Engineer: 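Here it is, the structure in full.
Predicted model only: the values in this text are computed from it and were never measured.
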Amino acid sequence: MMCSEKMDLKLTVKDIGPLNLDFPTKTDSLNIALFATNGSGKTFISRCFDKISKHIQGQEFSNLDYLINFDKDTASFKFDFSNSTIGSM
């Protein structure tokens with residue numbers, strides 16, 4: 001799906017699987033693809049989106065420890081998108 005204006009998109013991942021990522025970009029599409037080498041963390045990102053989706057739908061989920069890097073006790077995942085021109089003059 002294409003948007004008429006570019007949106008700000010930001011994916012921030014800290015200590016989820018092998019990932020520490022801060023990826024800001026602009027896009028005019030709601031379709032996003034991730035390409036990376038094997039073992040780089042694509043499946044971990046997919047699992048995070050799955051858990052967030054279940055949370056939004058009110059479903060119970062547990063045991064998120066398997067997503068956290070072995071060397072850490074906590075992790076964070078943030079996906080944010082917005083059209084910064086909405087409401088601007």
Side-chain angles (χ1 to χ4, degrees):
M1 180 176 178
M2 299 295 286
C3 302
S4 60
E5 297 180 32
K6 291 216 179 230
M7 296 182 301
D8 294 321
L9 180 139
K10 185 170 186 177
L11 177 62
T12 305
V13 180
K14 184 171 189 238
D15 296 323
I16 300 226
L19 293 171
N20 280 302
L21 175 68
D22 187 15
F23 180 73
T25 190
K26 290 192 175 283
T27 183
D28 58 359
S29 175
L30 296 177
N31 297 320
I32 300 165
L34 297 174
F35 295 94
T37 59
N38 290 342
S40 60
K42 298 178 302 293
T43 300
F44 281 96
I45 291 174
S46 175
R47 289 176 182 161
C48 288
F49 278 114
D50 178 60
K51 297 300 182 185
I52 289 170
S53 175
K54 287 179 180 177
H55 174 70
I56 290 170
Q57 295 172 15
Q59 297 178 16
E60 293 290 324
F61 60 89
S62 61
N63 190 20
L64 300 178
D65 291 343
Y66 75 96
L67 295 173
I68 300 174
N69 186 309
F70 290 125
D71 299 336
K72 305 295 180 180
D73 294 326
T74 62
S76 64
F77 178 86
K78 182 177 180 184
F79 178 74
D80 185 34
F81 65 94
S82 64
N83 184 336
S84 59
T85 63
I86 293 177
S88 299
M89 296 183 71

Engineer: Answer yes or no: are there more than 12 heavy-atom neighbours, outside Phe49 itself, under 6.0 Å from its atom CZ?
Structural biologist: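 Yes, CZ of Phe49 has more than 12 neighbouring heavy atoms, counting only those of other groups under 6.0 Å.
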Engineer: Is there a path of hydrophobic side-chain contacts, each under 4.5 Å between heavy atoms of I/L/V/M/F/W/Y residues, joining Phe77 to Ile56?
Structural biologist: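 In one cluster with Ile56: Phe77, yes.
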Engineer: Is the backbone N or O of Ala36 less than 3.5 Å from a side-chain atom of Lys42, with the two atoms forming a donor-acceptor pair by type?
Structural biologist: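 Yes, the answer is positive, given that a donor and an acceptor are paired below the 3.5 Å cut-off.
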Engineer: First locate atom CG of Leu19, then atom CG of Leu11, and finally report the distance between them rounded to the nearest 0.5 Å.
Structural biologist: 8.5 Å
Engineer: Between atom CG of Leu9 and atom CZ of Phe79, what is the distance when rounded to the nearest 0.5 Å?
Structural biologist: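 One finds 4.5 Å between CG of Leu9 and CZ of Phe79.
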Engineer: From Thr27 OG1 over to Met7 CE, what is the distance, rounded to the nearest 0.5 angstrom?
Structural biologist: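 Between Thr27 OG1 and Met7 CE, I get 6.0 Å after rounding to 0.5 Å.
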Engineer: Which heavy atom of Gly17 sits nearest to which heavy atom of Asn69, and what is that distance?
Structural biologist: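 The answer is O-ND2, 3.3 Å.
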Engineer: Please report the interatomic distance CD1(Ile16) to OG1(Thr74), rounded to the nearest 0.5 Å.
Structural biologist: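 The CD1 atom of Ile16 sits 10.0 Å away from the OG1 atom of Thr74.
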Engineer: Step by step, would you call Asp22 with Lys10 a salt bridge (charged side-chain N to carboxylate O under 4.0 Å, His left out)?
Structural biologist: CA-CA 7 Å; Asp22 187 15; Lys10 185 170 186 177; 3.6 Å; yes
Engineer: Say you draw a straight line from CZ of Arg47 to NZ of Lys51; how long is it, rounded to the nearest 0.5 Å?
Structural biologist: 9.0 Å
Engineer: Where is the tightest heavy-atom contact between Cys48 and Leu67, given as atom of each residue plus distance?
Structural biologist: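 Minimum heavy-atom separation between Cys48 and Leu67: SG-CD1, 4.3 Å.
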Engineer: Specify the closest pair of heavy atoms between Ile68 and Asp73, including all atoms of both residues, with the distance to one decimal.
Structural biologist: CD1-O, 3.9 Å
Engineer: Quick one: side chain to side chain donor-acceptor pair (under 3.5 Å) partners of Ser53, sequence neighbours excluded?
Structural biologist: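 Ser53 satisfies side chain to side chain donor-acceptor pair (under 3.5 Å) with Gln57 only.
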Engineer: Measure the spacing between CG of Asp80 and CG of Asp8 and express it to the nearest 0.5 Å.
Structural biologist: 8.5 Å
